[in-house]
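Basis for what follows: all heavy atoms, side chains included, without hydrogens, waters or symmetry-related copies.
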Amino acid sequence: GKLRSLLGALNLYERHPGLKGILLVGFAGGLTPDLSIGDIVEPDIFIEQDYCAEPFERFPNKIKLSRRKKLVSVSRGAAMLTQDRFLKENPYKTWKPGHKFSTVACDMESYAVAKFCREKKIRFAAIKLISDVADETADHDFLAACKRLAPKLNRTVLAAVKNFYKEV
């Protein structure tokens with residue numbers, strides 16, 4: 001969740017005072033129909049949204065990253081919605097094409113780390129594999145996807161770290 005990821009980032013920062021960047025890699029739920037299990041996203045905007053799934057225009061806490069080269073060639077851009085719980089129903093199931101965020105995923109930690117890095121002026125990037133589609137089976141799909149996608153996650157981490165290291 002957000003608190004543990006924030007504490008992890010703080011711990012890294014305190015232990016390594018010359019820290020220049022943090023790369024967050026993990027899993028996320030796909031919220032828009034264009035995302036399928038196994039897709040890789042590199043979010044460029046992070047939106048904090050707690051405890052409910054209202055349309056996120058109501059939530060002002062957003063962090064936009066500046067444009068950069070993709071860290072993983074097969075990744076897609078996305079908006080990352082960060083909540084403190086697994087979504088077991090997808091509020092964006094009837095997503096209308098043309099919305100200002102065409103691809104949206106959801107996780108539990110990206111916004112907190114992005115905010116920490118912004119405040120400490122540390123480079124930040126996130127790479128997420130889509131593990132579920134935020135529906136009533138999401139918690140079961142997540143565990144199965146973690147096992148099935150582990151080799152792809154490993155390859156993704158290696159590619160992302162190599163390219164992130166070149167940029168910091």
Side-chain angles (χ1 to χ4, degrees), residues 1-2 4-5 22-115 117-118 124-161 163-164:
K2 286 185 276 191
R4 287 185 185 203
S5 59
I22 293 178
L23 173 63
L24 183 64
V25 181
F27 293 103
L31 293 180
T32 47
D34 61 330
L35 287 175
S36 301
I37 293 174
D39 286 351
I40 301 170
V41 295
E42 283 189 56
D44 55 2
I45 189 165
F46 300 87
I47 303 164
E48 181 183 35
Q49 181 182 21
D50 284 326
Y51 306 113
C52 64
E54 301 282 331
F56 37 83
E57 285 79 10
R58 296 177 150 200
F59 297 89
N61 298 327
K62 298 175 188 168
I63 295 173
K64 176 100 172 107
L65 298 182
S66 58
R67 296 210 179 263
R68 59 169 171 71
K69 280 179 49 176
K70 292 198 302 186
L71 297 176
V72 178
S73 62
V74 296
S75 69
R76 302 174 52 196
M80 182 62 67
L81 190 63
T82 298
Q83 295 196 350
D84 284 330
R85 63 184 172 90
F86 251 98
L87 285 180
K88 292 191 176 188
E89 61 182 64
N90 186 346
Y92 307 105
K93 195 178 254 182
T94 58
W95 195 260
K96 304 277 189 279
H99 191 277
K100 71 178 180 179
F101 303 118
S102 60
T103 300
V104 182
C106 183
D107 73 358
M108 295 183 189
E109 60 278 324
S110 291
Y111 178 83
V113 180
K115 182 162 178 58
C117 289
R118 167 80 36 103
F124 174 72
I127 306 287
K128 298 287 185 151
L129 265 72
I130 300 302
S131 60
D132 60 83
V133 291
D135 61 13
E136 63 280 347
T137 65
D139 52 350
H140 301 296
D141 288 352
F142 174 76
L143 296 174
C146 287
K147 287 180 184 178
R148 190 174 70 255
L149 294 172
K152 186 173 186 175
L153 180 64
N154 290 341
R155 290 188 304 273
T156 301
V157 168
L158 291 174
V161 167
N163 291 324
F164 187 73

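In this structure, the side-chain contact (heavy atoms from CB on, under 4.5 Å) partners of Leu65, at least two apart in sequence or on a different chain, are Phe46, Phe124. Listed by chain and number, the residues in a side-chain contact (heavy atoms from CB on, under 4.5 Å) with Arg118 are Ile63 (sequence neighbours excluded). Every side-chain contact (heavy atoms from CB on, under 4.5 Å) that Ala160 has, sequence neighbours left out, goes to Leu23, Leu71, Val72, Ile127.
A donor-acceptor distance shorter than 3.5 angstrom exists from the side chain of Arg76 to the backbone of Asp34, with no hydrogens or angles considered. A distance-only check finds no donor-acceptor pair linking the side chain of Ser75 to the backbone of Ile40 [under 3.5 Å]. Formation of a donor-acceptor pair under 3.5 Å by the Lys128 side chain with backbone atoms of Asp107 is not found in this model.
Taking all atoms of both residues into account, the shortest heavy-atom contact from Glu109 to Gly1 is CB-O, 3.9 Å. Taking both residues in full, the closest heavy atoms of Gly30 and Ile130 are given as N-CG2, 3.6 Å, listed atom of the first, atom of the second, then distance. Residues Ile37 and Ala145 share a closest heavy-atom pair of CG2-CB, 4.4 Å.
Once rounded to the nearest 0.5 Å, the distance linking OG of Ser110 with CD1 of Ile47 reads 11.5 Å. To the nearest 0.5 Å, the span separating CG on Leu81 from CE on Met108 amounts to 11.5 Å. A distance of 12.0 Å separates CE in Met80 from CD1 in Ile45, rounded to the nearest 0.5 Å.
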>> Determine whether Asn163 and Lys69 satisfy the following criterion, side-chain contact (heavy atoms from CB on, under 4.5 Å), listing intermediate values before the conclusion.
In response: CA-CA 9 Å; Asn163 291 324; Lys69 280 179 49 176; over 6 Å; no

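The pair Lys115-Glu48 does not meet the salt-bridge criterion, since no charged nitrogen lies less than 4.0 angstrom from a carboxylate oxygen.
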